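What follows is one structure encoded as structure tokens, with my remarks underneath.
Numbers restart at 1 for each chain; the letters A, B, ... are given by sequence-line order, proteins then strands. Values in this document were obtained by computation on a predicted structure and should not be read as measured data.
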Protein chains: 2
Amino acid sequence: MKRRDYGQYCGLARAMELVGERWALLIVRDLTVRPRRFTDLLEGLPGIPTNVLSTRLKELEQAGIIERQLAPAPQRGVQYAFTQAGHDLEPALLALGRWGATQLGEPRPGEIVTPESVTLSLRAVFDPAAAADLTASWEIRHPDYILHAVVTDGHLEAGVGPTPDKPDLAITFEPDGLPSYRALVQAAKCGLVKLEGRRTLLQTFLRVFASTEQDR
Amino acid sequence: MKRRDYGQYCGLARAMELVGERWALLIVRDLTVRPRRFTDLLEGLPGIPTNVLSTRLKELEQAGIIERQLAPAPQRGVQYAFTQAGHDLEPALLALGRWGATQLGEPRPGEIVTPESVTLSLRAVFDPAAAADLTASWEIRHPDYILHAVVTDGHLEAGVGPTPDKPDLAITFEPDGLPSYRALVQAAKCGLVKLEGRRTLLQTFLRVFASTEQDR
DNA sequence: CCGAATCCGCAGTGATACTG
DNA sequence: CAGTATCACTGCGGATTCGG
């Protein structure tokens with residue numbers, strides 16, 4: 001497999017050679033949240049051709065960013081998971097996502113929101129300074145998905161699915177439009193959410209996950 | 001001008017739509033350092049076809065990331081410069097560059113190093129914690145280029161060309177191979193550099209610009 | 001000389017069909 | 001489920017040409 005190169009001995013150039021091709025960083029985004037199978041990835045990347053997904057997975061594997069594994073018990077097929085180099089990509093991913101979020105504007109016709117995308121938003125806007133020494137857990141519920149955000153001593157773990165234990169606060173929202181992170185924050189600010197648990201943690205949530213952001 | 005989209009309302013997806021196409025982020029990299037003209041960019045991006053550069057510049061301009069300006073006095077033609085949105089890309093650029101640098105390995109045959117790339121490396125590895133309250137200036141000299149790094153009260157300004165005033169320390173190096181940032185640090189650590197000025201600032205340089213890095 | 005536009009051959013992509 | 005095969009199409013690389 002030959003890869004096109006940029007002919008420069010430069011970190012950015014090398015990064016673009018490894019993950020700069022079409023769809024690659026979105027595949028990486030989905031794997032940042034949890035290991036996924038081929039069809040899981042297909043589902044979360046509407047419009048990607050199967051042969052392109054197949055090619056990207058091979059390239060990412062060859063680059064040492066992901067690895068093929070046997071999926072756990074119930075399914076037991078192939079799944080794709082990050083190596084250490086893959087995990088190390090997350091700061092760059094979050095930085096790009098933060099910038100892109102400022103360029104988002106309104107949703108365009110036909111655009112969708114996936115749980116993975118919202119999870120990355122949670123991680124991207126998380127403010128460690130505002131969360132110093134904090135310990136709390138939230139569960140975000142929408143008809144289409146459930147997410148969790150668990151802060152332990154100021155350290156965040158966010159992902160798809162319910163919290164391991166009962167969350168300190170469950171936030172249920174059902175926006176008119178897309179279930180994006182923006183819509184969640186907006187609903188929370190306007191009180192258009194259903195709460196279950198320690199209701200005062202809603203303000204904490206907004207402070208920690210939407211502090212400097214005016215509207216994301 | 002129609003752009004391909006990813007069909008997702010997601011910051012990362014939008015970022016890739018705007019700056020994800022081939023060569024785009026390397027053009028952005030060069031403009032991060034200073035405004036450049038069409039032929040300056042051509043020179044710093046060996047191998048880019050002129051039509052692709054032309055297309056990218058239009059796309060980046062339409063995306064509101066760069067703008068066309070009249071170049072200053074001596075040349076007075078067109079030059080391309082960042083808008084605010086362009087400047088805001090820098091954190092993401094540095095994060096990607098840091099990750100890519102860990103994947104660099106040895107230079108491949110034919111690979112080059114540009115002053116812009118080294119400047120970005122300086123900014124990427126700069127450790128604000130190690131430089132707290134520091135004020136000092138360095139000039140990096142190599143037969144092929146001169147860079148400056150000026151730290152004022154712990155804040156870094158790094159770019160191509162000499163320091164505005166006489167630097168506190170001038171570091172001259174002439175590696176056998178490529179004049180990369182790695183080669184600079186290696187030469188500095190091994191004492192294979194010529195110093196001019198406050199020689200003790202060499203250790204400060206290494207502490208601030210190569211602290212956590214073992215070898216970059 | 002600068003800043004492109006144009007043309008061509010080819011590689012990468014998108015869409016769909018098909019297979020172990 | 002997890003891909004491969006096929007094919008049309010678009011974008012890229014490389015070269016040349018052109019206007020200011």
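- If you measure from atom CD of E21(A) to atom C1' of dG11(D), you get 13 Å, rounded to the nearest angstrom.
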Return a table of donor-acceptor pairs under 3.5 angstrom between the side chains of residues 15-24 of chain B and protein atoms on other chains or two or more places apart.
{"unit_1": "E17(B)", "atom_1": "OE1", "unit_2": "R108(A)", "atom_2": "NH2", "d": "2.5"}
{"unit_1": "E17(B)", "atom_1": "OE1", "unit_2": "R14(B)", "atom_2": "NH1", "d": "3.2"}
{"unit_1": "E17(B)", "atom_1": "OE2", "unit_2": "Y6(B)", "atom_2": "N", "d": "2.8"}
{"unit_1": "R22(B)", "atom_1": "NH1", "unit_2": "Y6(A)", "atom_2": "OH", "d": "3.3"}
{"unit_1": "R22(B)", "atom_1": "NH2", "unit_2": "D5(A)", "atom_2": "O", "d": "3.2"}

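- Here the side chain of K58(A) is nearest to one of dT4(D), dG3(C), dG13(D), namely dT4(D).
- Among dT13(C), dG3(D), dG12(C), the nucleotide with an atom closest to any side-chain atom of R4(A) is dG12(C).
- Comparing dG13(D), dT6(D), dG3(D) by their nearest atom to the side chain of N51(A) picks out dT6(D).
- In this structure, of dC1(D), dG14(C), dA5(C), it is dA5(C) that holds the atom nearest to the side chain of T50(B).
- Rounded to whole Å, the distance from CE on M16(A) to C1' on dG12(C) is 15 Å.
- The side chain of W23(A) lies closest to dG14(C), out of dG3(D), dG3(C), dG14(C).
- When the side-chain nitrogen and oxygen atoms of Y80(A) are compared with OP1 and OP2 of dG3(D), one or more of them lie within a distance under 4.0 Å.
- Spacing between atom CG of L57(A) and atom C1' of dA2(D) amounts to 11 Å, rounded to whole angstrom units.
- Put simply, CG on L41(A) is 11 Å from C1' on dA2(D), counting in whole angstrom units.
- A salt bridge links E116(A) with R34(A): the distance from a Lys NZ or Arg NE/NH1/NH2 to an Asp or Glu carboxylate oxygen falls below 4.0 Å.
- Residue I27(B) contributes atom CD1, which lies 11 Å from atom P of dC12(D) at whole-angstrom precision.
- Looking at heavy-atom distances under 4.0 Å, T39(B) makes contact with sugar-phosphate atoms alone, never a base.
- OP1 or OP2 of dA5(C) sits under 4.0 Å from a side-chain N or O of S54(B).
- Nearest heavy atom pair, residue G64(B) against residue T83(B), reads O-OG1, 2.6 Å.
- For dG3(D), the OP1/OP2 oxygens have a side-chain nitrogen or oxygen of R68(A) closer than 4.0 Å.
- Between E61(A) and K58(A), none of the side-chain N atoms (NZ, or NE/NH1/NH2) sits under 4.0 Å from a carboxylate O, so this pair counts as no salt bridge.
- For P49(B), the listed nucleotide lying nearest its side chain is dG13(D); candidates were dC12(D), dG3(D), dG13(D).
- Between the CD atom of Q79(A) and the P atom of dG3(D) there is a distance of 12 Å, rounded to whole Å.
- Distance CG (L42(A)) to P (dG14(C)): 13 Å, rounded to an integer number of Å.
- Of the side-chain N and O atoms in R76(A), none sit less than 4.0 angstrom from OP1 or OP2 of dC1(D).
- Closest approach to the R37(A) side chain among dC1(D), dG12(C), dG11(D) is made by dC1(D) (side chain taken as heavy atoms from C-beta onward).
- T32(B) and E90(B) are not linked by any side-chain donor-acceptor pair at a separation below 3.5 angstrom, with hydrogens and angles left out of the test.
- A salt bridge does not link K194(B) to E174(B): none of the charged nitrogens lies less than 4.0 Å from a carboxylate oxygen.
- Following rounding to the nearest Å, L53(A) (CG) and dC1(D) (P) show an atom-to-atom distance of 14 Å.
- Considering only side-chain N and O atoms, R22(A) lies under 4.0 angstrom from the phosphate OP1 or OP2 of dG14(C).
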